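One structure is given here, and the rest of the page talks about it.
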Amino acid sequence: MKKNSNNFYEILDNCKKNLLCPKCNKSDFLINDTNLSCKNCKTNYPIDINSRVCSFSPSFTMNKTKNEIMDWWGDLYEQCYANDDSIINENSLSKSLIELEDMFKKRNHLAYIEMLPLLTNSDQKVLEIGPGSGGHSALFASKGIDITTIDITLSRAISTAMKLSLTGNKKGLSFQGDSETLPFNDNTFDIVYSNGVLHHTISTEKAISEVYRVLKPGGKAVLMLYSRHSSQYWLNIVPRAIIDGGIFHLSEENWIGRVTEGSPKFGKVKNPITRVYSAKQIKELLTNFKLCSLRKSSFQFDNFMLPRFNTIRNSFLNLLGYNPHEGCKIVYGEPRFIDTGLELKLGKYFGWDWNIVAKKPL
């Protein structure tokens, strides 16, 4: 078996007891240079030592929509993160994470308000579902936390693995896999974190049930899902969907998907799925959990569907002496003007993000 300076195989071997074969639901694996092999069903899951990623390839659960989900989020990765990932190093990442935490603090973000206070000791096992380019997980890893991540899009899993390695945390692992068939044993994690991801799955209900399954009794899910009763939904997304025409012939999650998250640049696939939730729907979705807190945030005056309103807002903020925050770059792909004080206050009522903490009963 190959070894590398970061002891990837050693970390994977230590994690092996917590892994579950998504195909046969057994937990008995053999590790070799190129594969993690299920001893029961003989399915091989490829290991790429260069990218430090093990792929629980969801080929046996894939369909047209899941392929489109992977294609779309892969396209967005190339748009937002690929160039910066090619030049990142330990020093630049360390600086970016300091800026990121400051941005999260100033935005009253889920990662700062709900998540960071829960990270109390290095023995906690944390799973992030859908880490994107790995900024959130890298921040948690920099605090010494035992972090595992999984993303259905391979390029995003690779990006996350690279950042985890650069933090110097010797426990972090990044997998490719499907949130609806998580490759982890029951009762494995103290915290499951997912920021703005599970509303993009084919079955959010199934993904939430997987979160519940892999959490330890008493463990907490820290989640962000989109809010139905928000300025973004009623004053931007719905009008755009009417103009686009999708609202008249597509299912709700599909027409919302088409007008959210951006546009393809390297392919033709648009965002397939986005869901939104009322407070009542959130409580129904999390019916097996004890809901600890439910908080709204993320309102900006450019939520309104008016021509060039984003440009107008940014120009006005610039005149007032505001600057784009560099902490946005690692997670949004570019520096951005963050929420003003007034926008933070309005976000409590009209915000796009539901910030959720839910506990699995003992």
Side-chain angles (χ1 to χ4, degrees), residues 19-25 55-74 76 127-132 148-154 156-157 175-189 192-215 219-228 233 237 241 246-247 249-261 269-289 291 294 352-356 358 360:
L19 297 178
L20 185 74
C21 177
K23 191 168 186 178
C24 69
N25 291 323
S55 178
F56 281 92
S57 178
S59 57
F60 45 84
T61 63
M62 290 302 290
N63 56 34
K64 180 175 181 289
T65 303
K66 284 191 179 178
N67 278 308
E68 289 178 344
I69 289 171
M70 287 198 296
D71 288 345
W72 160 248
W73 292 103
L76 202 60
L127 171 67
E128 180 175 8
I129 302 174
T148 301
T149 75
I150 189 163
D151 200 297
I152 197 171
T153 306
L154 182 57
R156 290 171 175 262
F175 296 95
Q176 182 196 18
D178 187 348
S179 64
E180 296 175 25
T181 52
L182 291 174
F184 308 110
N185 280 322
D186 298 1
N187 309 321
T188 293
F189 297 99
V192 175
Y193 176 84
S194 186
N195 180 72
V197 173
L198 301 183
H199 45 228
H200 296 305
T201 61
I202 289 180
S203 174
T204 302
E205 291 80 6
K206 190 172 182 181
I208 291 292
S209 71
E210 283 289 273
V211 171
Y212 186 91
R213 180 182 67 79
V214 303
L215 270 174
K220 291 183 177 179
V222 182
L223 312 172
M224 189 278 275
L225 298 172
Y226 287 153
S227 169
R228 178 179 299 278
Y233 179 74
I237 292 170
I247 196 171
H249 63 88
L250 297 173
S251 61
E252 183 183 70
E253 66 268 23
N254 296 138
W255 62 254
I256 297 175
R258 281 172 62 114
V259 296
T260 55
E261 312 303 335
V269 175
K270 294 184 178 180
N271 176 29
I273 295 173
T274 299
R275 293 187 179 85
V276 294
Y277 296 91
S278 66
K280 180 181 178 182
Q281 289 171 320
I282 291 287
K283 292 172 184 176
E284 290 171 351
L285 186 65
L286 299 170
T287 186
N288 291 327
F289 292 83
L291 188 61
L294 184 62
W352 178 226
D353 297 355
W354 280 120
N355 303 283
I356 305 158
K360 180 176 178 176

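Fair warning: this is a prediction, and the values are worked out from it, not measured in the lab.
- Taken from NZ in Lys66 to CD1 in Ile273, the straight-line distance is 9.5 Å, to the nearest 0.5 Å.
- Every residue meeting the ring-ring contact (aromatic ring centres under 6.0 Å, His included) condition with Trp352, not counting sequence neighbours, appears here in chain and number order: Tyr226.
- Applying the ring-ring contact (aromatic ring centres under 6.0 Å, His included) rule to Phe289 yields the partners Tyr212; only residues at least two apart in sequence or on another chain are considered.
- Judged purely by atom type and a 3.5 angstrom limit, Asp353 has no side-chain atom pairing as donor or acceptor with the backbone of Asn355.
- In terms of heavy-atom proximity, His199 sits nearest to Tyr277 at CB-CE1, 4.2 Å.
- Taking Phe184 as the reference, Phe175, Phe189 meet the ring-ring contact (aromatic ring centres under 6.0 Å, His included) condition, with sequence neighbours excluded.
- Residues that satisfy the side chain to side chain donor-acceptor pair (under 3.5 Å) test with Asn185, not counting sequence neighbours, are Ser27.
- Residues meeting the side chain to side chain donor-acceptor pair (under 3.5 Å) test with Ser209, sequence neighbours left out: none.
- Residues passing the ring-ring contact (aromatic ring centres under 6.0 Å, His included) test with Trp255: none are found, sequence neighbours excluded.
- Shown here are the side chain to side chain donor-acceptor pair (under 3.5 Å) partners of Asn254, two or more places apart in sequence or in another chain: Ser251.
- In this structure, the side chain of Arg156 engages the main chain of Trp73 through a donor-acceptor pair within 3.5 Å.
- A donor-acceptor pair under 3.5 Å is formed between the side chain of Ser194 and the backbone N or O of Ile129.
- Atom OG1 of Thr65 and atom CH2 of Trp72 lie 15.5 Å apart (nearest 0.5 Å).
- The distance from atom CG of Asn195 to atom CG of Leu225, rounded to the nearest 0.5 Å, is 9.5 Å.
- Between Ile256 and Thr274, the shortest heavy-atom contact is CB-O, 3.5 Å.
- Screening residues 279-288 for salt bridge (Lys or Arg N to Asp or Glu O under 4.0 Å), with sequence neighbours left out, gives no hits.
- The side-chain heavy atoms of Ile208 and Leu223, taken from C-beta on, include a pair separated by under 4.5 Å.
- Contact annotation: the side chain of Leu182 approaches that of Leu127 to within less than 4.5 Å [non-hydrogen atoms, C-beta and beyond].
- By the 4.5 Å heavy-atom criterion applied to side chains, Glu205 and Leu285 are counted as neighbours.
- Shortest non-hydrogen contact noted between Gly132 and Asp151 is N-OD2, 3.4 Å.
- Side-chain N or O atoms of Arg275 include one that pairs as donor or acceptor with a backbone N or O of Ile202 at under 3.5 Å.
- Considering only residues two or more places apart in sequence or on other chains, Glu210 meets the salt bridge (charged side-chain N to carboxylate O under 4.0 Å, His left out) condition with Arg213.
- One N or O on the side chain of Glu180 and one on the backbone of Ser203 form a donor-acceptor pair closer than 3.5 Å.
- For the atom pair CD1 of Ile282 and CD1 of Ile356, the computed distance is 4.0 Å after rounding to the nearest 0.5 Å.
- For the side-chain contact (heavy atoms from CB on, under 4.5 Å) test, residues two or more places apart in sequence or in another chain that qualify with Asn187 are Pro217, Lys360.
- Listed by chain and number, the residues in a side chain to side chain donor-acceptor pair (under 3.5 Å) with Thr188 amount to none (sequence neighbours excluded).
- Contact detail for Leu250 and Arg258: the closest heavy-atom pair is CD1-CD, 3.1 Å.
- With values rounded to the nearest 0.5 angstrom, Ile69 atom CD1 is found 6.0 Å from Ile152 atom CD1.
- Considering only heavy atoms from C-beta on, Lys64 comes within 4.5 Å of Glu68 through its side chain.
- Here the side chain of Thr204 pairs a donor or acceptor atom with the backbone of Leu198 at under 3.5 angstrom.
- With values rounded to the nearest 0.5 angstrom, Glu128 atom CD is found 11.0 Å from Thr148 atom OG1.
- Every side-chain contact (heavy atoms from CB on, under 4.5 Å) that Ser227 has, sequence neighbours left out, goes to Ser230, Lys296, Trp354.
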